[in-house]
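Presented below is the structure to which this report refers.
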Amino acid sequence: MLNFPKEFLWGGAIAANQAEGAFDKGGKGLTIADVLPGGKGRLKMIMDSVDLEIDKTKYTYPNHEGIDFYHRYKEDIALFAEMGFKVFRLSISWARIFPNGDQSQPNEEGLKFYDDVFDQLKEYNIEPLVTMSHYEMPLNLAKKYGGWKNRKLIAFFENYAKVLFNRFKNKVKYWLTFNEINSAFMMPIMSLGFSADRKTVHGMQCILQGLHHQFVASALVVQHCHAIISDAQIGCMQIFAPVYPYSSNPDDVLTALQEDQIFNYYCTDVQVRGKYSSFCQRLYSQCGTRPEIVKGDLEIIAKGKVDFISFSYYMSRTEKAEKNPLETGMGNMLSGVKNPYLQASDWGWEIDPVGLRVILNQVYDRYQIPLFIVENGLGATDKVQADGTINDDYRIDYFRTHIQALGSAIADGVQVLGYTSWGCIDLVSAGTGEYSKRYGFVYVDKHDDGSGTMKRLRKKSFYWYKKVIQSNGQNLD
Ligand code: BGP
């Protein structure tokens with residue numbers, strides 16, 4: 001029997017750019033996400049480089065329409081309430097509030113939209129969990145300032161955050177700063193607003209600098225949040241993937257350890273402990289560069305420690321000292337070698353529920369502050385049957401094993417505040433721009449060729465998750 005705490009926050013998660021659509025409505029400015037095309041080439045582009053322009057003669061842009069959450073949020077929230085959600089993670093589109101990012105006055109229409117969404121959640125007693133920046137900075141900040149490598153972004157983000165805290169202080173008590181902050185190492189365009197080749201000294205310098213500016217911004221924003229909303233909690237948001245050594249060969253173990261330090265802990269150590277870790281020296285000498293740290297930055301970072309750690313978990317990584325390129329197991333962004341003990345999803349993401357228990361224990365041991373799983377799920381192809389049902393047993397299996405692992409970690413003594421499945425309603429994939437990579441309990445009739453009615457349908461997993469929440473994780477059958 002699994003024992004979840006009575007107040008455990010069950011729910012689901014989406015992001016503005018992947019769900020809202022209405023990319024040019026309500027006074028919103030363009031964002032980085034608005035210039036990312038759909039289609040096969042997208043993943044390579046976001047890891048290499050992207051033109052910061054919309055070119056409809058060459059590409060399609062599924063994010064422009066998303067799943068039209070902007071107009072359909074009432075219907076969608078009613079469906080989440082029907083499943084019994086206690087929490088709903090969403091992001092605010094920075095460019096709905098500051099269309100160019102660098103203005104001093106916010107766009108009232110944008111604020112009003114989120115006011116309405118929060119009011120609707122309140123109707124059903126669903127707690128909002130808000131990400132302030134989820135892969136979509138205002139495009140102007142990328143074009144005019146070069147994204148986060150420019151120190152000026154700290155002040156723009158601070159201003160944006162203060163506007164949000166003051167406006168929503170009575171409605172939002174759980175906040176997250178930057179989505180998957182460590183993704184900067186793999187796809188800086190989405191999280192930092194510029195393309196960079198991390199195999200070059202210059203590319204790494206830009207990434208480390210962009211991250212440093214985000215650390216300072218995050219620390220300032222944490223302090224503003226505490227000052228403006230005394231009963232709020234603010235967390236960092238990180239991709240976690242335990243790194244396994246391929247064998248007991250000490251060289252493999254060392255490689256895994258070093259990857260683990262950089263990938264899982266480079267950012268979290270700064271945001272949670274309030275200081276850079278000792279292993280950074282190795283990273284900086286390996287890449288021949290380091291971030292420039294202005295006097296006073298380290299004091300700011302020390303004062304802005306987060307209250308909890310939120311993270312996405314999709315897969316583990318396996319590392320080996322001597323890599324053969326043919327052995328590579330490839331998720332969206334996590335390289336490494338194939339783990340012979342694991343199966344992968346249709347998109348090549350290795351499925352590893354035990355890894356979730358491992359990482360929960362590792363992270364909690366390291367920091368001893370509450371954790372929050374804010375993304376976990378299976379991207380899969382779903383088929384609507386003639387009678388309108390969608391029998392996504394594979395998704396139920398995925399969630400069952402991961403929730404079991406979560407329950408076991410709680411029994412191990414790990415403190416977890418909640419669990420929001422990723423893409424609780426189908427939406428546009430961040431990595432591939434596809435609609436066909438579906439994560440939801442709710443199916444959205446919208447397809448990669450642009451066709452579809454946007455009609456919402458309950459999948460079999462919808463009824464399953466409802467039972468899970470109702471029984472507080474006791475009934476996973
Ligand atoms: C995370 C992102 C999400 C989401 C998810 C699934 O990296 O925070 O925005 O999309 O991964 O990834 P994908 O959409 O590429 O399947």
Side-chain angles (χ1 to χ4, degrees), residues 12-20 31-34 36-47 62-63 66-67 69 88-94 129-137 176-192 235-241 263-264 267 309-317 330-335 344-351 356 359 372-382 394-395 398-399 402 419-441 444 446 448:
I14 64 166
N17 79 86
Q18 293 167 259
E20 283 177 7
T31 72
I32 280 285
D34 297 325
L36 295 181
K40 295 272 175 252
R42 173 175 169 126
L43 190 54
K44 191 170 175 331
M45 273 189 222
I46 59 183
M47 295 179 89
N63 298 67
I67 53 159
F69 180 79
F88 174 54
R89 175 178 176 232
L90 70 164
S91 69
I92 290 182
S93 171
W94 187 350
L129 164 61
V130 171
T131 319
M132 298 161 71
S133 178
H134 192 131
Y135 292 154
E136 58 165 335
M137 71 162 58
L176 306 176
T177 47
F178 300 104
N179 181 62
E180 298 193 332
I181 188 165
N182 55 333
S183 66
F185 288 112
M186 287 81 60
M187 28 182 228
I189 187 69
M190 283 168 66
S191 54
L192 297 173
C236 53
M237 191 330 190
Q238 166 84 23
I239 310 173
F240 277 138
F263 184 76
N264 288 316
C267 303
I309 301 166
S310 81
F311 66 95
S312 64
Y313 176 76
Y314 292 97
M315 64 192 107
S316 51
R317 290 174 59 172
M330 189 65 185
N332 242 10
M333 343 180 231
L334 313 185
S335 60
S345 76
D346 292 346
W347 274 263
W349 293 23
E350 284 177 345
I351 300 172
L356 177 59
I359 195 75
F372 204 138
I373 301 170
V374 298
E375 285 189 31
N376 173 236
L378 177 72
T381 311
D382 292 327
Y394 37 90
R395 185 167 292 109
Y398 179 98
F399 280 121
H402 283 78
Y419 176 88
T420 59
S421 73
W422 173 250
C424 47
I425 179 165
D426 292 347
L427 36 62
V428 178
S429 155
T432 66
E434 292 164 307
Y435 284 104
S436 50
K437 189 179 187 189
R438 296 175 180 275
Y439 283 89
F441 302 117
V444 177
K446 185 71 186 169
D448 292 338

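Computed from heavy atoms alone, side chains included, the values below leave out hydrogens, waters and symmetry copies. One-based numbering, in listed order, for ligands and for the atoms of each.
Side-chain N/O atoms of Q238 and S310 include no donor and acceptor closer than 3.5 Å. Looking only at atom types and distance, the side chain of S183 has a donor-acceptor partner in the side chain of Y135 under 3.5 Å away. In summary, the side chains of N376 and Y419 do present a donor paired with an acceptor at a separation below 3.5 Å, with no hydrogens or angles considered.
Look at E350 and R317 and you find no salt bridge, because none of the NZ, NE, NH1 or NH2 atoms lies under 4.0 Å from a carboxylate O. Salt-bridge formation is not detected for the pair D382/R438: no Lys NZ or Arg NE/NH1/NH2 atom is positioned less than 4.0 Å from an Asp or Glu carboxylate oxygen.
For ligand 1 and S429, the ligand atoms under 4.0 Å from any heavy atom of the residue are 13 (P), 14 (O), 15 (O), 16 (O). Heavy-atom proximity to E180, at under 4.0 Å, picks out these atoms of ligand 1: 1 (C), 2 (C), 7 (O), 8 (O). Below 4.0 Å from some heavy atom of G431 lie the following atoms of ligand 1, by number and element: 13 (P), 14 (O), 15 (O). Residue-ligand proximity, N179 to ligand 1, at heavy-atom distances under 4.0 Å covers atoms 8 (O). Listed by number with element, the atoms of ligand 1 under 4.0 angstrom from any heavy atom of Y135 are 2 (C), 8 (O). Set against the non-hydrogen atoms of Y439, the atoms of ligand 1 under 4.0 Å away are 6 (C), 12 (O), 13 (P), 16 (O).
Looking at A15 against ligand 1, nothing comes within 4.0 Å, counting heavy atoms. Heavy atoms of Y314 found under 4.0 angstrom from ligand 1 belong exclusively to the side chain.
Close N/O approach between V428 and ligand 1 is not found [any backbone or side-chain N/O within under 3.5 Å].
Under the ring pair (Phe, Tyr, Trp, His ring centres under 6.0 Å) criterion, F441 pairs with F399, Y465, sequence neighbours left out. Partners of D448 under the side chain to side chain contact (heavy atoms under 4.5 Å, CB included) rule, at least two apart in sequence or in another chain, are E434, Y435, S436.
The shortest heavy-atom distance from W347 to ligand 1 is not under 4.0 Å.
The minimum heavy-atom distance linking Q18 with S429 is given by the pair NE2-C, 3.8 Å.
Nearest-residue assignment for atom 11 (O) of ligand 1 (options E375, R438, K437; heavy-atom criterion): E375.
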